Amino acid sequence: MHDPSQAATATTRVRLFGNRDSAEAWEIRDFLKRSVVEFDWVELVSDEDCRRELGLQDLQNVRLPVVQLPGGERLYGPSLRDVAGRLGFVAKPKLKEYDLSIYGAGPAGLSAAVYAASEGLRTVLIERSAVGGQAGTTSMIENYMGFPEGINGADLAERARQQAVKFGVELLMMQEGTKSEFHDDRIWTDLADGGQMVARANICATGVEWRRLNLANEDRLLGRGVYYGAGASEAPLCGGEDVVVVGGGNSAGQAVMHLAAHARSVTMLVRDKGLAASMSQYLSERILSEPNVSVRFDAEITGLEGDGALRRIEVTTRSTRQAAWIETPRLFVAIGGVPNTDWAADTPIVRDEGGYLVTGPDLLVDGRPPPVWTRERLPYYLETAVPGSFAAGDVRHRSIKRVATAAGEGAMAVAFVHRYLDETA
Ligand SMILES: Cc1cc2nc3c(=O)[nH]c(=O)nc-3n(C[C@H](O)[C@H](O)[C@H](O)COP(=O)(O)OP(=O)(O)OC[C@H]3O[C@@H](n4cnc5c(N)ncnc54)[C@H](O)[C@@H]3O)c2cc1C
């Protein structure tokens, strides 16, 4: 993967070379963008590009994508984990046991980490991808208090990451909790790399994941014209293109506005007959008045086609069931999410029918906690059915799904962690 003989001149930025429709290149681009790593994307189309950019003769014989690190060293066909590792994002746990383990470094997890570490808890924050969660994919958050001009989601997350690290949080990125057990007043979590994490309390802040269209060809075209979310890393590459966004909520609306600044036209496909009641009014007003944006209501996607990359999508009018194909090289899917809670399936933790974690008063039936609850007292507001195991942010049953509420719940969960740790000391 790494060939030192091909080291190039040192640069201050990462350089990423590859094919336009490469899913691997897109995955790396997306990670770098969300991690606020400065990089140049260089598209290679011909042998001439290959000679000029890489000093290599024949594009066909180069393992793409190629990542050139700031020192000039090149990685050929690396995995995302390789790239993250070489940029210093991957680490092993330093301690055998922590006071608090936090899963998920979106706004809820980052906020919990800042408060926990600043209040002296031995805290580890585990994130399976880039920091920032959904907020990190957002080009502009305009309704977060304190930023009257709005703030880019990845920048907000990076500030929080720096703050958490400053207070001594151990951040383990590209690492995932897969299964948990609760005994001896500890949570024992298996990590995806085979390791185990032990902590006296935990906060689950694993948020939600994009809902899929569940159409034929979807997996094959992912990263090759089909993308989930706001397309923060892809928008600058959409110059002169006619692109499509599917979804009617805030996240779809933000994607539309961000893409409209780059693409020739943006078509927004909305299932309902109007923009979602949950969409902020300022956003729906802008969408409806943007000259290169058109909104099609009562519409759903029923087909995806393309060989190496997306070529066209089938759109069906829901009320008449009439279908027609639209040519487009890029489709951005923002149709809501499902919670990341599979890990809780074999635990006493209570989930609702959608898979969200039920906490505090929502656990009570006729004023009584569920039979699995083991304490005399009632569960704290953000506590799950397992004492010492808390949930914050979008992953929680009936959560508000906003950056501010996720950050607020993260901070609040830490206050309950202190109470719980005092009980078990
Ligand atoms: C495009 C878009 C635009 C938005 N715009 C706004 C806005 O303008 N204003 C606003 O207030 N809100 C906005 N939101 C909503 C807001 O971003 C979310 O409510 C907020 O990010 C929720 O934070 P969270 O920390 O609960 O979860 P998430 O942000 O979903 O973060 C969860 C994190 O957990 C990680 N994770 C999942 N499973 C595991 C595991 N097993 N182990 C380790 N890590 C794991 C994920 O990788 C992710 O990083 C927007 C959302 C989107 C998608």
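Nothing here was measured: the structure is a model prediction, and the numbers come from that model. Just so you know, ligand 1 is whichever comes first in the structure, and atom 1 is the first atom listed for that ligand. Keep in mind that the numbers below use all heavy atoms, side chains included, and drop hydrogens, waters and symmetry copies.
From the protein, the heavy atom lying nearest to atom 39 (C) of ligand 1 is T206 CG2, 3.5 Å. Taking atom 17 (O) of ligand 1 as the reference point, the nearest protein heavy-atom neighbour is A135 N, 3.5 Å. Looking only at protein heavy atoms, the nearest one to atom 13 (C) of ligand 1 is V403 CG2, 4.1 Å. Looking at atom 33 (C) of ligand 1, its nearest protein heavy atom turns out to be E127 OE1, 3.6 Å. The protein atom (non-hydrogen) at minimum distance from atom 41 (N) of ligand 1 is G177 O, 3.1 Å.
Nearest-heavy-atom check against atom 40 (C) of ligand 1 across Q134, E209, E176 picks out E176. Around atom 25 (O) of ligand 1, the closest heavy atom drawn from A108, G410, S111 belongs to A108. Comparing R402, Q254, M140 by heavy-atom distance to atom 7 (C) of ligand 1, the nearest is Q254. Taking each of G393, A404, P107, P339 in turn, the one with a heavy atom nearest to atom 23 (O) of ligand 1 proves to be P107. Here the shortest heavy-atom distance to atom 53 (C) of ligand 1, taken over W343, W210, Y228, Y144, belongs to W210.
Relative to the six-membered ring of W26, R224 misses at least one condition, a distance below 6.0 Å or an angle of at most 45° to the axis. Under the 6.0 Å distance and 45° angle rule, R351 does not count as a cation-pi partner of Y356.
Ring geometry for F147 against Y144 counts as parallel: the plane angle stays under 30°, on a 0 to 90° scale with 60° as the upper cut.
For Q175, the heavy-atom gap to ligand 1 drops under 4.0 angstrom. Residue contact check for ligand 1: I126 places a non-hydrogen atom closer than 4.0 Å to it. Ligand 1 has at least one atom lying under 4.0 Å from a heavy atom of I141.
The proximity of A406 to ligand 1, defined as any non-hydrogen pair under 4.0 Å, is limited to the side chain. For N143, every heavy-atom contact with ligand 1 shorter than 4.0 Å involves the side chain, none the backbone. At a heavy-atom cutoff of 4.0 Å, ligand 1 is contacted by both the backbone and the side chain of D394.
Other residues, nucleotides and ligands place no more than 12 heavy atoms under 6.0 Å from the OH atom of Y381.
Taking the ring centroids of Y115 and F167, they lie at or beyond the 6.0 Å cut-off.
Residues L64 and V66 come closest through the heavy atom pair CD2-CG2, 3.8 Å.
Counting heavy atoms from C-beta outward, R330 and E241 have side chains that approach closer than 4.5 Å.
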